[in-house]
J.: 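Quick one: the structure is below, questions incoming.
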Amino acid sequence: MSKDRYIAAKQKWAEKQKASGFKPRDHAAPGRLPPGQKLTTGFPVLDLGVQPEVPHTEWSLTLDGLVEKPATLTWAQFNALPQVTDVSDFHCVTTWSKYDCRWSGVAFTTLFELAQPKPEAKFVYFTSYDGYSTNVPLEHCLDDDVLVATQFDGAPVSREHGGPARVIIPKLYAWKGAKFVKTVTFLAGDRLGFWEVRGYHAIGDPWKEERYA
Ligand SMILES: Nc1nc2c(c(=O)[nH]1)N[C@H]1C(S)=C(S)[C@@H](COP(=O)(O)O)O[C@H]1N2
Ligand SMILES: [Mo]
């Protein structure tokens, strides 16, 4: 299952990187705005009241859990991985959506290749430098638009928006994308994150309005 999803995502990435330039999508395209959402043009900030300052020299990203090759990447090692750019929409559970966000960084599939999760791995648990955490089924992380972003619109991701690096999972509500990401743990069973233990949905598909558990 994971393998098929992974191969499909890799193929899509190749096609997207080949297509020169990204065409903005029609704002009125049917199904683009999930139910109960309103389009915003600004970029609101949502956090726990802390925006940790993580200097690049102290930053690392750890890949662990049910993997063949656990790793802790320094900022230089992370940035030496293949870089991709993708344009996606952003849907916050508090009902605002932002279209055409241009993120650059490392595709989740690249981290998957590096860590080599074991077949038993079915869930991913992310933790962050501000104490945040969130859980996502591995299948959803293997979509072709999921990345650990270090750039937004061609500039480093600002501290308020989760720099040095943040997770982007466009097809799920934005709380599933850990800002200030620090660890990525592969698990056999689901482990609820910060909002999920407080009643938010374990998956969080905006088109199914999976807001609360
Ligand atoms: N580390 C961390 N990641 C986080 C959050 C947070 O508080 N801490 N908030 C989440 C929520 S609820 C949303 S909607 C988005 C908001 O991202 P933004 O502040 O860039 O708009 O980040 C998500 N990731
Ligand atoms: Mo949110």
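Counting convention: from 1, in listed order, for ligands and their atoms alike.
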J.: Can you tell me how far apart CG (Leu81) and CG (Leu73) are? Round to the nearest 0.5 Å.
T.: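 Going from the CG atom of Leu81 to the CG atom of Leu73 covers 6.0 Å.
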J.: Kindly identify the option in Phe126, Phe152, Trp175 whose heavy atom sits closest to atom 11 (C) of ligand 1.
T.: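 Ranked by closest heavy atom to atom 11 (C) of ligand 1, first place is Trp175.
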J.: Measure the CZ-CG distance between Phe108 and Asp143 for me, rounded to the nearest 0.5 Å.
T.: 11.0 Å
J.: Counting each atom of ligand 1 from 1 as listed, which ones have a heavy atom of Phe43 under 4.0 Å away?
T.: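 Numbered from 1, ligand 1 contributes 20 (O), 21 (O).
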J.: How would you list, by chain and number, every residue that makes a salt bridge (Lys or Arg N to Asp or Glu O under 4.0 Å) with Lys182, sequence neighbours excluded?
T.: none
J.: Which protein heavy atom lies closest to atom 7 (O) of ligand 1, and at what distance to 0.1 Å?
T.: Asp47 CA, 3.0 Å
J.: Check the pair Asp145, Lys171 against salt bridge (charged side-chain N to carboxylate O under 4.0 Å, His left out), reporting the backbone distance first and the verdict last.
T.: CA-CA 8 Å; Asp145 48 8; Lys171 294 193 195 76; 2.9 Å; yes
J.: Which heavy atom of the protein is the closest neighbour of atom 9 (N) of ligand 1, given with residue, atom name and distance?
T.: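 Nearest neighbour among protein heavy atoms for atom 9 (N) of ligand 1, to 0.1 Å: Leu46 O, 3.3 Å.
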J.: State whether Lys69 and Glu113 are salt-bridged, where the test is any N-O pair (Lys NZ or Arg NE/NH1/NH2 against Asp/Glu carboxylate O) under 4.0 Å.
T.: no
J.: Main chain of Ser2, side chain of Glu139: is a donor-acceptor contact present, judged purely on distance under 3.5 Å?
T.: yes
J.: Would you say ligand 1 has an N or O under 3.5 Å from any N or O of Trp195?
T.: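 No - when backbone and side-chain N and O of Trp195 are compared with those of ligand 1, no distance drops under 3.5 Å.
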J.: Report yes or no: does a heavy atom of Lys98 sit under 4.0 Å from some atom of ligand 1?
T.: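 Not so, Lys98 does not reach ligand 1.
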J.: Nearest to atom 22 (O) of ligand 1, what protein heavy atom do you find, and at what distance?
T.: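 Closest protein heavy atom to atom 22 (O) of ligand 1: Arg166 NH2, 3.5 Å.
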J.: Could you tell me whether the side chains of Ser133 and Thr127 share a donor-acceptor contact shorter than 3.5 Å?
T.: no
J.: Could you check Tyr173, Trp175, Trp207 and say which one makes a ring pair (Phe, Tyr, Trp, His ring centres under 6.0 Å) with His91?
T.: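 When ring pair (Phe, Tyr, Trp, His ring centres under 6.0 Å) is applied between His91 and each of Tyr173, Trp175, Trp207, only Trp207 qualifies.
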J.: Between side-chain atoms of residues 34-55 and protein atoms elsewhere (two or more places apart, or another chain), which donor-acceptor pairs fall under 3.5 Å?
T.:
from	atom 1	to	atom 2	distance (Å)
Gln37	OE1	Arg211	NH1	3.2
Gln37	OE1	Arg211	NH2	3.1
Gln37	NE2	Cys92	O	3.0
Gln37	NE2	Trp96	O	3.1
Gln37	NE2	Ser97	OG	3.0
Lys38	NZ	Thr95	OG1	3.2
Thr40	OG1	Gly42	N	3.4
Asp47	OD1	Gly49	N	2.8
Asp47	OD2	Gln51	NE2	2.8
Glu53	OE1	Arg159	NH1	3.2

J.: For atom 8 (N) of ligand 1, what is the nearest protein heavy atom, given as residue, atom name and distance?
T.: Asp130 OD2, 2.8 Å
J.: Tell me which part of Tyr173 gets within contact of ligand 1: side chain, backbone, both or neither, using heavy atoms under 4.0 Å.
T.: neither
J.: Which heavy atom of Glu68 sits nearest to which heavy atom of Lys118, and what is that distance?
T.: OE2-CG, 3.7 Å
J.: Distance under 4.0 Å to a non-hydrogen atom of Trp96: what atoms of ligand 1 satisfy this?
T.: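 Result: 21 (O).
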J.: Check each atom of ligand 1 against the heavy atoms of Ser128 and keep those under 4.0 Å away; list them by number with element.
T.: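 So the answer, numbered in order with elements, is 1 (N).
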J.: Within the structure, is a non-hydrogen atom of Tyr129 found at a distance of less than 4.0 Å from ligand 1?
T.: no
J.: Identify, for atom 6 (C) of ligand 1, the protein heavy atom at the shortest distance, and state residue, atom and that distance.
T.: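 Going atom by atom, the protein heavy atom closest to atom 6 (C) of ligand 1 ends up being Tyr132 CD1, 3.5 Å.
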J.: Using the ring centroid of each side chain, check whether Tyr200 and Tyr212 are separated by less than 6.0 Å.
T.: yes
J.: For ligand 1, is any non-hydrogen atom under 4.0 Å from Phe194's backbone (N, CA, C, O), its side chain (CB onward), both, or neither?
T.: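 Looking at Phe194 and ligand 1, no heavy atom falls under 4.0 Å.
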J.: Would you confirm whether Trp13, through its side chain, and Asp144, through its main-chain N or O, come within 3.5 Å as a donor-acceptor pair?
T.: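 The answer is yes, because a donor-acceptor pair under 3.5 Å joins these two groups.
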J.: In terms of residue, atom name and distance, what is the protein heavy atom nearest to atom 21 (O) of ligand 1?
T.: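 I find the closest protein heavy atom is Pro44 O, 2.6 Å.
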J.: Out of His161, Lys179, Lys182, Glu160, whose heavy atom is nearest to atom 19 (O) of ligand 1?
T.: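 Comparing heavy atoms across His161, Lys179, Lys182, Glu160, the nearest one to atom 19 (O) of ligand 1 lies in Lys179.
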J.: Quick one: look up the protein heavy atom nearest atom 14 (S) of ligand 1 and list residue, atom name and how far away it is.
T.: Cys92 SG, 3.3 Å
J.: Only heavy atoms of Gly177, strictly under 4.0 Å: list the atoms of ligand 1 that pass.
T.: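 The atoms of ligand 1 under 4.0 Å from a heavy atom of Gly177 are 4 (C), 22 (O), 23 (C), 24 (N).
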J.: Which ligand 1 atoms does Leu48 reach within 4.0 Å, using its non-hydrogen atoms?
T.: 7 (O)
